[in-house]
Each structure stands twice: as structure tokens, then as C-alpha cells.
Amino acid sequence: MSMFGTNEQFLIANAERYKKLVGIFKPTPPAKKTSDAPPSADMIVSTRIRPILEEELSQGFPECVYPRTDSNTIDLHELKRPVRGLPTLNSSNFTLDRVFGPEFTTSQVYESLVEPLVPWAWGGGVATLFAYGQTGSGKTYTVSGLEKHVAEALTDGSLEGERKIYVSIIELAGQTAFDLLNSRKQISVLEDSFGTTQLAGAFEHQITTKPAFLDYIEAAAALRSTASTLKNDTSSRSHAICRIRIENPSLPDSDDGLLYLVDLAGSEAARDKTEHDTTRMKEAREINSSLSVLKDCIRGRALADLGVQGGKIASSYVPFRQSTLTKTLKHVFDPASSRSCKTVVVACVNPCLADSNASKNTLRYAEMMRVIVPKAKPAVYDPNVPSSWDNAQLREWIEKNSGTPPISAAILAPKETGPQILRLPVPEFLSRCLKTEGVSPEQAQAFHSKLWSLHVDSQQQKRKPAASGTTTAVGAESFSKGKQPGPLSRLEMLDSSADPEPRASEIPFKGRIRPGMVVSWTPGPEYSIFGAAGSGSKTFAVILSPTEVVGERVRDVKGVLVNPPETGGKEKRWLCAMVTPAILPGAYDISIWRQAVVAEDQMTGEVVMEWDAATRYYYLTV
Ligand SMILES: Nc1ncnc2c1ncn2[C@@H]1O[C@H](COP(=O)(O)OP(=O)(O)OP(=O)(O)O)[C@@H](O)[C@H]1O
């Protein structure tokens with residue numbers, strides 16, 4: 001009996017005819033939508049086709065994928081078995097941002113895709129590489145090779161400044177995670193009540209030299225493959241996540257840089273794995289669903305980033321809570337973390353004709369992940385719209401607006417345009433400012449806020465219908481002058497947290513606290529995490545009600561009773577909903593179900609927030 005199934009026998013028997021048909025194949029142009037527009041600069045979807053292996057060649061299978069030499073399009077040919085007559089060719093093509101054929105080395109792939117991610121993470125950004133594809137398509141080969149190059153780049157002293165580097169490597173199978181740098185100990189992926197994903201129990205190891213780094217990478221790989229042999233090939237059915245955290249000791253308050261290298265679970269079972277027991281099928285379903293959520297998250301995040309860059313804000317939804325994988329990668333996907341991200345996807349393809357179906361699915365999935373930048377008309381220069389500035393215009397603005405001493409524009413923006421400087425990770429922006437002699441961290445921070453508030457204002461202006469006038473809180477302004485609200489301002493009032501009381505500003509805010517008022521507050525130790533989270537140090541909350549009217553069993557976000565029976569305190573306390581920073585710097589969300597108890601003593605002032613229907617976020621009104 002042959003070791004091959006009927007389809008494989010058919011392919012081997014018709015290999016010569018197949019090759020002849022491929023030889024005379026006339027390529028058709030790829031679909032317009034995918035080939036014309038430029039890809040997003042911060043999101044690259046590529047494919048790597050591994051060489052056909054000796055074993056596959058000796059079995060007599062031809063190759064099925066053919067990169068075109070003049071474009072990023074790949075042709076994939078299958079042999080169709082007709083009801084009668086000779087087999088015919090069934091061809092499809094796929095266009096991606098970059099294509100690496102079998103002749104490309106891992107070094108070349110690194111230079112093209114990953115090298116730019118390293119200084120990005122070093123500067124405080126978030127960078128992620130995902131490799132996925134069918135079992136045996138070269139994911140591990142690719143990721144482990146790339147990890148070695150990353151280890152080299154991070155430790156060879158070529159990057160500027162001092163950093164502390166920490167690495168952790170975990171494996172994720174379904175809902176379960178294992179620490180690959182701690183004897184594969186099981187750890188838990190939890191999202192605490194503050195929305196922070198915790199890899200409870202995962203070790204982080206500080207790295208100072210390349211050999212130490214490589215030792216960790218190898219130890220993790222060895223552990224993964226031993227576990228795999230013992231447990232029936234688990235490696236291809238789990239995700240491996242190598243997380244490198246980069247701390248900048250000179251900016252202790254800034255976000256750490258993050259570089260993730262992710263070797264994803266095989267997208268489908270290999271051809272020769274036939275045992276489809278229920279556990280296996282359940283696993284396969286889980287993997288498929290996590291890969292599908294991942295695709296939506298990658299696309300959603302890339303679209304949201306395009307919006308930040310000054311383009312039209314695409315309505316995008318990032319369903320990162322829907323799978324453990326994307327929850328673990330919360331920093332990459334959470335729209336509430338306004339971090340600058342770069343993402344690279346490598347779709348690994350096995351070129352063997354017998355696996356053409358899996359390869360087709362891999363390439364199709366890759367194509368779906370691609371985000372095409374809509375062809376925009378070049379922005380017309382406007383001094384109040386940072387996203388319309390070229391490098392010279394940006395530099396001029398920096399020199400004039402950065403205070404004393406003026407921040408060197410040549411150091412802050414050697415070649416960046418307005419949209420590019422807005423995308424720069426905040427720590428990198430601040431580090432560059434601090435290179436000008438005499439500039440203090442406060443000046444750098446204030447200057448960053450100045451640029452961003454100009455940007456956010458210009459975006460709001462663009463979205464405001466002309467009739468509604470200025471962006472100031474109309475309610476507050478007209479009432480404080482003692483005017484009765486006109487029909488227009490009453491309408492706007494409904495979108496603003498401004499006090500409806502005409503002479504509100506004459507009364508200190510603590511004398512007129514009411515549901516819906518937004519206050520700034522300094523969280524006590526019990527909610528200290530709110531102070532640390534988000535952009536900047538300000539924390540805001542929306543008043544819901546006095547605590548004493550709340551039922552006895554109601555609990556806050558920490559699980560603490562809001563109105564315990566034994567309270568006899570005189571201090572006035574209010575139940576509040578948290579205000580959390582949204583993806584656009586300067587924009588906020590109200591987390592109505594994330595509630596905290598705020599004592600009046602902790603409140604430092606009223607702030608006015610305004611709802612913007614176009615972006616679906618709240619903004620502070622000055
Ligand atoms: N670019 C390449 N050049 C040479 N050999 C390669 C290349 N890519 C992969 N291989 C070889 O192909 C085989 C399968 O690769 P690899 O183990 O990386 O696949 P995988 O997708 O990670 O599989 P799994 O999901 O089962 O872990 C290995 O023997 C590997 O050495």
C-alpha cells in the first residue's frame with residue numbers, strides 16, 4: 001500500500017503535466033485594490049517561502065508557489081482533477097507588502113523587517129513580529145533566527161544611550177500559559193480589575209550580554225521541543241511569545257519599550273497527522289479562533305493608528321479581549337493604550353504542492369491582514385495642523401514654540417514630517433528634547449503636550465460641523481456671563497460636562513458637586529494604580545452619586561464595599577466612574593462600570609469634558 005492518500009498519488013502521477021502547465025502559465029495582473037495603494041509604514045505583512053525539503057523532492061512533489069520577479073505578487077498553482085479529461089491548472093495570486101522567496105537568508109529577512117523595530121523599541125515604542133503558517137512551514141526556523149539577530153543588535157553597543165533589557169518567554173496553549181524560562185511552570189494570564197494583563201508568575205530575566213541572551217532563547221526552544229515530543233507535538237499547537245522589555249533609566253516615568261517576537265501555533269494540522277480526536281479538534285478550533293481574533297486586532301489597530309496620523313479616523317474595533325493570545329499582547333492592541341506600535345507579520349509558506357491548500361489559506365489570511373493606506377491628496381500646509389507639516393515646517397514650528405532655551409529642531413526632528421513626529425514613541429520624543437543643553441524634563445513634557453494639543457484641536461476642528469462654532473465649552477462660557485442658554489448652547493451643553501447652573505463659576509466646585517461632574521483627583525494608595533496608568537499624571541473621574549445612597553452590597557472596582565454599614569465617617573465621599581485615556585492622546589473614555597470611591601479631600605478641581613460624536617471620545621475643554 002502506498003504511504004500517500006489518493007490526492008497525493010494523483011499529484012505525483014501528474015507532476016510532469018503540472019510542471020508543463022506551470023511553464024506555459026500567463027500571469028494575470030493582481031487585483032487592483034491590493035497592488036496600487038501604498039501599505040501602511042507601521043504595519044508590514046510579508047511572506048517567507050521556505051525551500052522545498054530534500055524529503056519532499058524525493059517523494060516527487062513539485063513546488064506550488066511562484067513569486068513574481070517584478071512585484072510582490074505570488075502565484076499559487078494547484079492541479080485540478082476534472083470529472084473527465086486531463087487535469088488542469090487552478091491558479092490564484094496574492095499580493096503582500098514584501099515577499100521572500102526560498103533564496104532569501106534569515107539575515108536578509110531580518111534586515112528588511114526586524115532591524116527597524118529594534119531602535120523603535122529602544123526608543124520606547126512597541127514593536128511586534130508575528131510568524132504564522134502551517135506546521136512545518138518554517139515559523140520556528142524564522143523566529144529563532146531573527147531572535148539571534150535581535151540579541152546581537154540589542155547587546156552590541158550600537159544603540160545610543162543606557163538601557164536595561166529584560167526578557168521573558170512564555171508558551172500559550174488555549175487558556176493556559178507556561179513559563180519557558182522557568183522549567184515550563186504553569187502561569188496564569190489574568191486581567192485584573194484595572195484592565196492590566198498580568199502574566200502571574202512569569203520570570204523576567206535581565207540581559208546584559210549576547211551569550212546570556214542566546215542561552216535563554218535556546219533554553220526556551222529546547223524546553224518547547226521536549227515538551228512537544230513528550231506531548232504529541234504540542235509546539236505546533238501553541239503560541240510562543242518572547243517579550244523583550246527595554247527600560248530607560250534616565251526617563252523613569254516613561255513607558256518601557258517592548259519588542260515581542262511571536263511564533264504562532266500552526267494554522268492547521270499537517271497532512272500526515274490524521275488522528276482527529278475530539279481534543280485535537282477542539283484545539284484546532286481554538287487556534288483558528290485565536291488567529292481570527294488576531295487578524296481583526298492587527299487590522300483594527302493599524303486602522304486606528306492611521307487615524308492618529310491625521311488621516312480620516314476609520315471606525316475600527318479591536319476585539320483584543322476575545323482571546324488569551326491578544327489579551328496577553330494587550331500593549332500591542334488595547335486602543336486605550338496610546339502607545340506607538342510597529343507590527344510585522346511573516347506568513348510562512350511550505351512550497352510543496354501536496355500542501356497547496358494550507359499555503360493558499362495562509363496567503364489569503366495574510367492578504368486579509370494587510371492595511372492599505374487610502375490614497376490621500378497631499379495635505380495643504382496649515383500652520384495650525386501639525387499633520388500637514390513637512391520637515392522644514394515642523395522644524396520652524398519647533399524652534400519658535402519650544403520655549404527657552406529653544407529645543408534644537410535638528411536633533412528632535414532630523415528628517416521627520418509632522419505626521420511622523422506625532423507617531424514617535426513619547427520616550428523617544430522626550431529623550432531627543434533633552435539632548436538640547438539646558439532643556440528640563442518639564443519643558444520637554446510641556447512641549448510634547450503643546451504639539452499634541454495643537455494636533456488634537458486641529459483634528460476636532462476638522463470634524464466639527466461649521467455651524468457649531470468654537471470648541472470651547474459653550475455652556476460654561478455663556479452661563480458664567482449670566483446669560484440664559486440659547487437653543488444652540490443648550491444642545492451643546494448636552495455634550496459637555498459644564499455646570500448647567502448659570503453662575504457656577506462663582507461657587508467653589510466642592511460646593512456644587514453633582515452627578516456627571518468631572519473632577520481631577522489624586523488617588524490614595526488604595527487606587528494608586530489609576531494615578532500611574534495612562535498618559536500623563538492627571539487622573540479624572542465622573543461623579544455618580546454620594547456613597548451613602550448606594551445599596552449595602554455594592555462594591556467598587558477593587559471589590560470593596562462602597563457603603564459599608566459601619567461607616568460613621570464625617571468625610572464626604574462620592575462614588576465615581578473612571579475616566580481613562582483613549583487611543584488618541586488627549587482623548588478619553590469613561591469606564592462607567594469601573595467605579596471608585598473618591599473622598600472630597602482627594603478632589604483637586606473640576607474639569608470640563610466634551611463629547612465628540614465623530615471620534616466617540618471625550619476631550620478636555622480648556
Ligand atoms: N528558510 C529555510 N531554509 C532552510 N530550511 C528551512 C527554512 N525554513 C524552514 N526550514 C526547515 O523546515 C523544517 C520545518 O521548519 P520549522 O520547524 O521552522 O516549521 P514550523 O512552522 O515552526 O513547524 P511547527 O509548527 O511544527 O513547529 C525544519 O526542518 C527547518 O529546518
Side-chain angles (χ1 to χ4, degrees), residues 46-59 61 63-67 74 98-114 129-149 169-174 178 180 184 217-218 220-242 261-275 280 283-284 286-288 290-291 294 325 344-363 365-366:
S46 69
T47 181
R48 183 180 200 189
I49 302 155
R50 74 152 161 77
I52 194 151
L53 302 177
E54 272 308 315
E55 187 196 355
E56 292 158 338
L57 264 184
S58 65
Q59 289 168 348
F61 291 114
E63 294 174 59
C64 71
V65 280
Y66 299 85
I74 304 163
R98 311 228 174 123
V99 173
F100 303 96
E103 70 283 11
F104 281 83
T105 63
T106 302
S107 297
Q108 289 172 307
V109 175
Y110 172 79
E111 276 160 31
S112 168
L113 295 179
V114 185
L129 170 121
F130 293 102
Y132 82 96
Q134 186 202 10
T135 296
S137 59
K139 298 181 296 291
T140 305
Y141 182 93
T142 300
V143 176
S144 58
L146 294 174
E147 279 172 352
K148 288 177 190 143
H149 285 279
I169 307 183
I170 65 156
E171 184 178 59
L172 210 64
F178 304 95
L180 292 181
R184 211 165 173 277
I217 293 170
E218 269 154 32
L223 213 48
R224 201 169 179 229
S225 62
T226 340
S228 182
T229 334
L230 290 174
K231 286 211 184 148
N232 186 18
D233 191 24
T234 45
S235 89
S236 61
R237 289 175 287 139
S238 63
H239 311 295
I241 303 174
C242 170
L261 297 157
V262 186
D263 185 350
L264 293 166
S267 46
E268 41 213 294
R271 190 162 30 97
D272 50 3
K273 298 268 171 0
T274 41
E275 81 278 30
R280 255 332 245 276
E283 243 172 30
E286 232 166 50
I287 291 170
N288 283 342
S290 76
L291 291 175
L294 178 69
L325 172 68
V344 168
V345 177
V346 186
C348 294
V349 169
N350 157 359
C352 182
L353 179 60
D355 289 300
S356 64
N357 206 30
S359 302
K360 204 158 105 180
N361 287 341
T362 298
L363 290 165
Y365 176 86

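Counting starts at 1 for both ligands and their atoms, in listed order.
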Discussion item. Judged on heavy-atom distance to atom 31 (O) of ligand 1, which of Phe104, Tyr141, Phe100, Tyr132 sits nearest?
Written reply: Tyr141

Worksheet item: By side-chain hydrogen bond (donor to acceptor under 3.5 Å, both in side chains), which residues pair with Lys148, not counting sequence neighbours?
Response: none

Worksheet entry | Atoms of ligand 1, numbered as shown, that sit under 4.0 Å from any heavy atom of Gly136 | 14 (C), 19 (O), 20 (P), 21 (O), 23 (O), 24 (P), 25 (O), 26 (O)

Worksheet item: Just distances here: any N/O of Thr142 and N/O of ligand 1 closer than 3.5 Å?
Response: no

Worksheet item: Among Lys139, Glu56, Glu55, which residue places a heavy atom closest to atom 21 (O) of ligand 1?
Response: Lys139

Practice prompt. Answer with yes or no whether Pro51 contacts ligand 1, where contact means a heavy atom under 4.0 Å from a ligand atom.
Written response: yes

Worksheet item: Quick one: is the NZ or CZ of Arg48 closer than 6.0 Å to the six-membered ring centre of Phe100, and within 45° of its axis?
Response: no

Worksheet item: Given Gly133, Gly138, Gly101, Pro102, which has its nearest heavy atom closest to atom 19 (O) of ligand 1?
Response: Gly138

Discussion item. Can you tell me how the ring of Tyr110 sits relative to the ring of His149, calling it parallel under 30°, perpendicular over 60° and tilted otherwise?
Written reply: parallel

Practice prompt. Tell me yes or no: between the side chains of Thr142 and Arg50, is some donor less than 3.5 Å from an acceptor?
Written response: no

Discussion item. Which of the numbered atoms in ligand 1 are under 4.0 angstrom from any heavy atom belonging to Thr140?
Written reply: 18 (O), 20 (P), 22 (O), 27 (O)

Discussion item. Please list, in number order, the atoms of ligand 1 under 4.0 Å from a heavy atom of Gln134.
Written reply: 21 (O)

Practice prompt. Enumerate the atoms of ligand 1 whose separation from the nearest heavy atom of Arg50 is less than 4.0 angstrom.
Written response: 7 (C), 8 (N), 9 (C), 10 (N), 12 (O)

Worksheet item: Hey, does Val346 have a side-chain heavy atom less than 4.5 Å from the side chain of Val143?
Response: no

Discussion item. Between Cys242 and Ile169, does the side chain to side chain contact (heavy atoms under 4.5 Å, CB included) criterion hold? Intermediate values first, please.
Written reply: CA-CA 4 Å; Cys242 170; Ile169 307 183; 4.1 Å; yes

Worksheet entry | Non-neighbouring partners of Pro102 that pass side-chain contact (heavy atoms from CB on, under 4.5 Å), sequence neighbours left out | Ile49, Pro51

Fill in: For Ser137, the ligand 1 atoms whose distance to one of its heavy atoms is below 4.0 Å
19 (O), 20 (P), 21 (O)

